[in-house]
Amino acid sequence: MENARISGWQMFVITFFFTAGTTWIILPGKLISDAKQYSWLVCLWAMVYGLAIALLWLFLAKRFPGKNLIEIVTLVLGRWAGGLVALFYILYFTQIASWVTRNLSDFMNISLMPRTPQSVFHVMVLIICAYAVVKGIESIAMVTELLTPYLHFVFWIPVTWGVAREWDWQNFNVPFEFHFLNTFDQTKYLLGFPFMETVSLMMLFPYVHNRLKTSYLLGVFAAGTIMILSVLMPIGSLGVERSAHLVYPIFVLFREMQFTGFLEHLEAILAINILFVVCLKLSIVFYCAVLAICQLFGVKKRSAVAYPLIWFLSAYSLLFENIVMNVEWVDNYLFHYYALYGIVFPVLLLLVAWMRRMNHAPLSGGNRPA
Amino acid sequence: MSGFDPVEPIVSEIKAVLGHSPDFICRKVVIQGLSHVYCMYLTTITDSSVIDELIVKPIKETSLQDNQSFKDSVSLLRASIPVPEKKQIASKDDPVKNILEGNCVIWDPSSQTLLVYCTAKNDYRSITEPSSEAVIRGPREGFLEDIESNVGLIRKRLKSSNLIFEEFSIGSATKTTIYMTYLANVADDAIVKEFRSRISAVQTDSILESAYMEEWIQDKTFSPFPQVLSTERPDAVAAKLIEGQVAVLTQGTPMVLVGPLTFFQMFSSPEDYYQRADIATLLRWLRMFSFLLAIFTPALYVAIVSFHQELLPTPLLINLAAQREEVPFPAIVEALIMIITFEILREAGLRMPRIAGQAISIVGALVIGQAAVEAGLVSAAMVIVVSLTAISNFISPLYSFGIAQRIIQFAFMLLSGVMGLFGLMCGVFFLLVHLVSIRSFGVKYMTPLAPVIVSDWKDTLVRIPHNWMKRPTGSLRTKKGRR
Amino acid sequence: MLKPICLWACIILLCTGCWDTKEINQLAIVNLGGVDKNPETGTITAYYQVINPSGLSARLSGGQNAAVYTFHFKEYSLGKFTVKTNTLMPRQLFMPHMQAIIVTERYAKQGVLDLLNYYELSPERRSNIVFIVTESPLSTIMNSYTPLDRIPGRYIRSLTNLTGQGYTSGFEPIRMRDMIKSIYRRKPTVMPTIKYTSNRSADTTERLEEADVNKQSIVFTGGAVFIHGRMVGRFDIPTKLIFSLLNGDLITYVETVYLNGSMIDLEARDIQAERHWESGSGLTMKVHANLRVINNQQNIVMSEQNLHAIEEAFNKKLEEKAQSLLKLARQKNWDLLGLQDQGVEERKWRTFPVSFEISSSARMIGNTIGPYFFEKE
Amino acid sequence: MTGLIALFVVFVAIGAFFLSKDKNGTGRDYFLFIAITLLGALLWGSLIQRRPIDINQLIGDILDRLV
């Protein structure tokens, strides 16, 4: 556990980039094909769900101040059971990391560099993120801080300009009857994908010394609003049917933006943005994974774990044959699988903690360290 | 060398140590009447006129009789010699060190005491304008090789009692004197302590230039970025001291090290504080823009020309295609050729006499570039790109920062030649992480931007007029501005 | 610190075979594309007009040699063209700079859905290019040089850009993306149609010496109506303008009005076309325009009363045109006003009552206050 | 394929070199370094033999049975 310190603002920025990382690129296409023009409503209740689940984890973290997820698990469930759950969480972090890398290489192959083999993208990005991880969470936090103004400025100015020009309210009354239940069921992966991954940020909670609660919740809230906007924009300018058929509607939106006759080809800017966003999200989740492993096995040097993990992650992210299989898997299993880490384990921890408190001593103030 | 009296063990010892060198003199001076003293010094590093006039002659003339009041010969000697006495020492090895430092040592056998008089010969060059950091408006004074006059130059600017100089003597062979100086009421104690511990922890046999010290006391050895500022301008050092930084003066070199250095201080030249605020801010932005230009132009050119041609507007693409019609090499090879030739020219320019140097390297590049274009080895756009990067590289006020830019420019170009825009952006992320992880004496390298300290922006990204500047920079946790 | 560098080095060694490099000189920069499908045999002919960079840059010798070269290939399915081009084209096909795609009328009539699907699949082909239907044979159009703008692709693009200024978003909705957007809509989209003035293509550079451009050149003749990606009919230019006006795309156009036996040309600017749906009485279209007198041949003194008369005449003229468009829509069963897309049921849209309220205000009258004229004795 | 093996050997060599150079490295560092690299090698091997150990498929099947 390095003695790093993260300020409230840095935690907000980390949470924002972690939650809103690759979702605003991949999900709109699938979401719009499921929920048509009401997809922004889906994002709304997904955000509410995200905030609720975040409160649950904050409550868990408040019960054990100064302890990250792995410490809580080993503390509450003892050595062996705790170790098993910790291994589950490590698998969870590595899976998120490999999916993020896979998303990046899919994007790069589909839109910019079709002939480069995917593993080259994987290994390059993983090396940089491993370097960032070895440099520690303070470096990652500061890089996020440095990149935030650039990423926002370069994304929002062209997008608002382009979308405002081609906005068409006609796109919103596409004939589609809206039933809450079956849309909820169809799009429950949205509850899982961005919002239940933020449990891995619990690894960083002990580093944040002030305003943890507000910055964390604000980060999730900001990510939710970005999700809503990134769904509204393609519907508004490209139309529901077209964005439903596109793999990366935001990317096509960027390609078709024409300002003056001269400034036409802007997709490179978005590609750079996506690369940076993926690098940030990957280094954060990679850091959580490496920290979890170091914590579990009591290893001090992070580089002894980070660099070999590149091999594992680059192999793991090649497991999906193609993007269609990936989307199908996300559609069927993602919510249930993530619920294991997002809901089942935290509630289990709270229960066991509450029960052990019961037979030890009466519940007094709750945050008396065990 | 006059015959010496075997009775004097000390003199024989000194002679044993230094006797072999031709410039060692040991004179036996007889005081009127009864006693005599030995006067030893090295002629090459002492001022012989001072010794003859002010030491030997007074000893000869004083006679024991007319001033009986003195009890013994030592107080007599002190009274008669007008040269300010450095110190009285007793132990055996000190005399050799003092002689080597250019002092004159007098051994009085009757009272068994050693007196040391400072007679060093300081024939240093006069104060001239520092050639590497010339400014249009601002003082023309630069530091000298003599550490004492450097201290004088600083003291002239900072007449404050809080200005503290701590002396160190480092290097077993060279024994160079090192002064660490800071303003006690402003500098942060942690930084000063860090400096002190690092300087005293240096074990080496020789410190000939402040660059040796720089490598010893900097945090991270493998980073192309300088972590300590080396400057020749006393006004810059004074400005930094007021801001709460610590300076290290080294004997024998005009370059003074000032730390802790952060990334954005490298964009401000001392001249910024002598121009009006708005001009200085624009100049600072220009330097930042030229930093980006120097790093990204060749890399972007190679990436776009060989990987992402669709980013170019059609007329430009047609133009480039027409130019590159007869160029045999791919873009990356062409870029490498041009950049390497330009580096060679620049290095040659430096070795030539100062005035011709800069001009030769730029003219050379353009002439060679033009010839290469005619010969069809290189496309015209490439010459523009290379000379643009070279010129924007010259603009950085710090030479070591300029070299760092060239290293990064080279690395980025290789990356974009191999992986296009993707490789370039991976390189940028790697650079950012590296930059952010550097600590200069505990202060984070990208301070006012990475851990966002908005109050500091007023002096790094923008230079606000002096009358608005109330507090010194917060990032150095200075006492006055302590939060 | 050393470790990442070594890792990085072996990565670079690994990918010395940089996959995606393509030299600028090995690119065939396509500027104009044309596609034709033979209805009987189904073979597709694709025309690629490739820019010849050295021909264009004045610096090189001569400059007389051709600015563009046209290749055409025959294949039975669209996907095989990228491979087929290697049989004739010495360079690699480079599509991102294509300015327009020209489709023959007979292909449009068969439905261009397959072309749209193929086109959108690869990110190298951009979908904000102009979609044009041609009446005359594709070979004459694709093999002819154009004056003033030496590259035909840019010639067409600058033509459409000029007309585009009269439309709301600065671009006329005639691009491939508008075509794709309208596939699922019941409101038809109108793509421009062109014709070549002579049946012989001007495929040699002497053409550039001839002064009379009209003899051999591309002319915009009107609009082709597409419903669900299939061409169902044709518009002439005035109906095309009214169609875009009533659908809120048009902001400026020029109208001639007859008053007191003489002709007045008016430029209608900042046209707003709002739709008000009353539940009972159907749709009322409120159109308002600011008028600017461009040409006034009346032989009476310009007065406020005269200006009102001009406005009345303009409103009446526009009302006529709107009603004729409505009649055309109902007669041809094309939902030109997009009523079904806005919720009117399939059965009822043809009898759905639509009324127009047109208002205008004459704002500017140009340099002279009134026209020169002789008092009739 | 051979390139991959060569890269793997180079990686292990560099890793071992750096770990041995660092004095206060405990035995656990070695163990963990070797364990994770072997895990990665195992996964890469399965990928190359076209019979990938598909963890996602595994999760999918388990969830099918459970839900």
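In what follows, chains are A, B, ... by sequence order, proteins preceding strands, each numbered from 1. What you are looking at is a predicted structure, and each value in this text was computed from that prediction instead of being measured. In what follows, every heavy atom counts, from backbone to side chain, and hydrogens, waters and symmetry copies are set aside.
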Using 30° and 60° as the class boundaries, would you call the ring planes of A:W99 and A:Y338 parallel, tilted or perpendicular? tilted
In terms of ring plane angle, is the pair A:W311 and D:W44 parallel, tilted or perpendicular, where the classes change at 30° and 60°? perpendicular
Look at D:L66, D:T37, D:D54, D:I59 and state which one has the largest set of heavy-atom pairs under 4.5 Å with chain A. D:I59
In terms of heavy-atom pairs under 4.5 Å with chain D, the winner among A:Y333, A:W329, A:Y337, A:F312 is A:Y333
If we define contacts as heavy-atom pairs under 4.5 Å, which of A:L334, A:L91, A:L319, A:L340 has the most with chain D? A:L319
So, for A:F335 and A:Y189, is the gap between ring centers shorter than 6.0 Å? no
Ring centres under 6.0 Å, that's the criterion: do A:F93 and A:F286 meet it? no
Quick check on D:I55 against chain A: is it the side chain, the backbone, both or neither that has a heavy atom closer than 4.5 Å? both
Side chain, backbone, both or neither: which part of A:S314 has a non-hydrogen atom closer than 4.5 Å to chain D? both
Charged N-O contact under 4.0 Å between D:D61 and D:R65: no
